Amino acid sequence: MREMPDTHPSPNATRRDFARFALGGALTPLAAQPKGNLSPLSPGIKITLQIPTNPSAADFQFANQLGVEYVSIPSGGETAKVDNYILWKQQAEAAGLKVWNIGNSNVHNMPEVTLNLPGRDQKVEEYKNYLRNLAKAGIYYTTYAHMANGIWSTSPETTRGGAPARAFDLAKGGAGHWMNKVYEPPLSHGRRYSKEEIWENYTYFIRQVAPVAEELGIRIGIHPDDPPVPELAGVPRCIFGNFEGYARALEIANSPNVGVCLCCGTWLEGGKLMGKDVLEAARYFAKQDKLWKIHFRNVSAPLPHFVESFVDNGYMDMYKIMRTLVEVDFRGCVIADHVPQMIGGHNVGWAYSIAWIRAMHARALA
C-alpha cells in the first residue's frame, strides 16, 4: 500500500497544526492533493537512516535503536533485482520499519545517457525496468543523478578532531569516481561537450522515463551535481549545478513525478554559484510540490575548496534548514549523508548525525 495522508490532527500535533486544521479543514495542503497517479505524502518529516545493501538483522536493529521509522537501501551490480527489493522491504517491515527508497547505482550517473554515448537506449530501458521493479516491491520514490563523470574529490582531509572526510580543492583538480570508474582531466571523455548537448541529452532521457514514472506513481528526485562546478573535464554541469538549471529541467520534464532530492551539502558546496541559497531553494521547490528528499549534511566552506564536516561543524547553521522544512510542511525524507568517520566504528558517525537531526527536528516542531 502507498502512504496516504492523515485527515485529522494527530495526538502529537502542534498548535500550528491545529490552526491549519481549523482554517483549512485538513492538514493536507492543496499542493499535496493527488495529481493523476501520484499519491500524496502523509504529513510529517520522515527521518531516515541509510543502511547497507543486503541488510542484516543488526542493521535494522540499529535503525530502531536510533528511533528512526524509515530506512534507505542501496543496490547495484547483481544486487539490483526485484526479488531483493521485495525481500528487503519485507525484512524492514518485519522489524517495524518502512523503506523510503532503494537506490540502484547501475542507473545513477549514467554517462551513456548524459553524453549520448553508445548504449544510451539500453540504459534508458534499464532505468525504466528499474522503476517497474520498484513499483513491484511497493517502493514509490527514487533518487536520480545526471552526472557524466562522477563525483569529484581530491585527497581526503580531516574535519573536527582529525576525523577523515571527503574534500575537493578546485586548484588541485582531482578526479571523478563512480561505480569503480575513475574520470580524470583534462577531458574525461576525449572531447569537450557543449551545454546544448547536455540539455538535449537530458530532454531525451526525461521525456521517456517520466511517463513510466507517472504510470507507476513513482517520484523521481534529482540530485545536484557534486561538486557543482560549471564544467569538469570537458563536461558542463549546467543543468543540476545551479537553481536556474533545475527550474528549466523541471519545466522540460513537465511531470508531477519529477522533482528534487535537495542535497544540502552539495548546494552549500556551490555557494553563490547556485543562484539561490539552500533555504530559498527549499522554499521554492516545496511550494512547487517538488521537494521529496533532503541529504542533510554540512561542509566547511563553498567552492573552490571544501571539506565535508559534521552537521554541527560546517559553515551553515543546519537548524535553519530544519526550521525551513517544518515551515513549508515538508513531507519527504531527511537523511544523513557523507558522514565523516569517527573513532569507534562505522555506526558512530551515523548515530551522531541522526541524533542531531532528531534534536533539530524536535526543536523546530516545538
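Note that the coordinates shown come from a computational prediction; the quantities given were computed from them, not determined experimentally.
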Notebook entry, point to check: Which other residues belong to the hydrophobic cluster containing V82, where Ile, Leu, Val, Met, Phe, Trp and Tyr are joined when side-chain heavy atoms lie under 4.5 Å apart, directly or via other members?
Noted result: I86
Checklist line | salt bridge (charged side-chain N to carboxylate O under 4.0 Å, His left out) contacts touching residues 346-359 (sequence neighbours left out) | finding: none
Item checked: Side-chain heavy atoms of M110 within contact of Y127, under 4.5 Å -> yes
Note to self: List the residues meeting salt bridge (Lys or Arg N to Asp or Glu O under 4.0 Å) with R283, not counting sequence neighbours, and say none if there are none.
What the structure shows: none
Notebook entry, point to check: Do the side-chain N and O atoms of T143 and Y141 include a donor-acceptor pair separated by under 3.5 angstrom?
Noted result: yes
Notebook entry, point to check: Which atom pair, heavy atoms only, marks the closest approach of W88 to F60?
Noted result: O-CZ, 4.1 Å
Check: Taking only residues two or more places apart in sequence or in another chain, which ones pass salt bridge (Lys or Arg N to Asp or Glu O under 4.0 Å) with E125?
Finding: K128
Notebook entry, point to check: For the side chain of N109 and the backbone of A148, is there at least one donor-acceptor N/O pair under 3.5 Å apart?
Noted result: no
Next item on the list: Would you mind reporting whether I198 and L115 have side-chain heavy atoms less than 4.5 Å apart?
Entry: yes
Next item on the list: Enumerate the residue pairs fulfilling side chain to side chain donor-acceptor pair (under 3.5 Å) with a member in residues 77-86, sequence neighbours excluded, ordered by first and then second residue.
Entry: S75-Y85
Next item on the list: Examine distances only and state if a side-chain atom of K89 and a backbone atom of V99 form a donor-acceptor pair shorter than 3.5 Å.
Entry: no
Margin query: Show the nearest heavy-atom pair for residues I354 and A336, with the distance to one decimal.
Written below: CD1-CB, 4.4 Å
Check: Mind checking whether Y352 and W356 have parallel, tilted or perpendicular rings, split at 30° and 60°?
Finding: tilted
Notebook entry, point to check: Does E269 come within less than 4.0 Å of R166, counting only side-chain N to carboxylate O?
Noted result: yes
Notebook entry, point to check: Under the side chain to side chain donor-acceptor pair (under 3.5 Å) rule, what pairs show up with a residue in residues 233-250, not counting sequence neighbours?
Noted result: N149-R237
Checklist line | Rounded distance (nearest 0.5 Å) linking atom CD of E308 with atom OG1 of T266 | finding: 8.0 Å
Margin query: How long is the straight-line distance from CG of L262 back to CD1 of I321, given to the nearest 0.5 Å?
Written below: 7.5 Å
Note to self: Applying salt bridge (Lys or Arg N to Asp or Glu O under 4.0 Å), can you list everything that pairs with D337, at least two apart in sequence or on another chain?
What the structure shows: R297
Check: Tell me the salt bridge (charged side-chain N to carboxylate O under 4.0 Å, His left out) pairs involving residues 174-193, sequence neighbours left out?
Finding: R191-E197, R192-E231
Check: Are the side chain of K46 and the backbone N or O of R331 linked by a donor-acceptor pair below 3.5 Å?
Finding: yes
Item checked: R120 to Y204 six-membered ring, cation-pi geometry met (6.0 Å, 45°) -> yes
Note to self: Within this structure, what is the OH-CG distance for the pair Y140 and L216, rounded to the nearest 0.5 Å?
What the structure shows: 8.0 Å
Margin query: Can you pull out every salt bridge (charged side-chain N to carboxylate O under 4.0 Å, His left out) where at least one residue sits in residues 144-161? Sequence neighbours excluded, please.
Written below: R160-D312
Note to self: Checking H338 now: which residues fulfil ring pair (Phe, Tyr, Trp, His ring centres under 6.0 Å) with it, not counting sequence neighbours?
What the structure shows: none
Distance-only check: which donor-acceptor pairs under 3.5 Å involve side-chain atoms of residues 249-256, not counting sequence neighbours?
| unit_1 | atom_1 | unit_2 | atom_2 | d |
| --- | --- | --- | --- | --- |
| S255 | OG | E214 | OE2 | 2.6 |
| S255 | OG | N257 | N | 3.1 |

Distance-only criterion, 3.5 Å: show the donor-acceptor pairs between side-chain atoms of residues 170-179 and protein atoms not counting sequence neighbours.
| unit_1 | atom_1 | unit_2 | atom_2 | d |
| --- | --- | --- | --- | --- |
| W178 | NE1 | S105 | O | 3.4 |
| W178 | NE1 | H108 | O | 2.8 |

Next item on the list: Give, for atom NZ of K320 and atom CG of L279, the distance between the pair rounded to the nearest 0.5 Å.
Entry: 7.5 Å
Check: For the residue pair V71 and A92, what are the closest heavy atoms and their distance?
Finding: CG2-CB, 4.3 Å
Margin query: Less than 3.5 Å apart, any donor N or O on the side chain of Y315 or S309 sitting next to an acceptor on the other?
Written below: no
Next item on the list: Determine, for F243 and K276, whether the Lys NZ or Arg CZ falls below 6.0 Å from the six-membered ring centre while staying within 45 degrees of the axis.
Entry: yes
Notebook entry, point to check: Within the side chain of S300, is there an N or O that forms a donor-acceptor pair under 3.5 Å with the backbone of F306?
Noted result: no
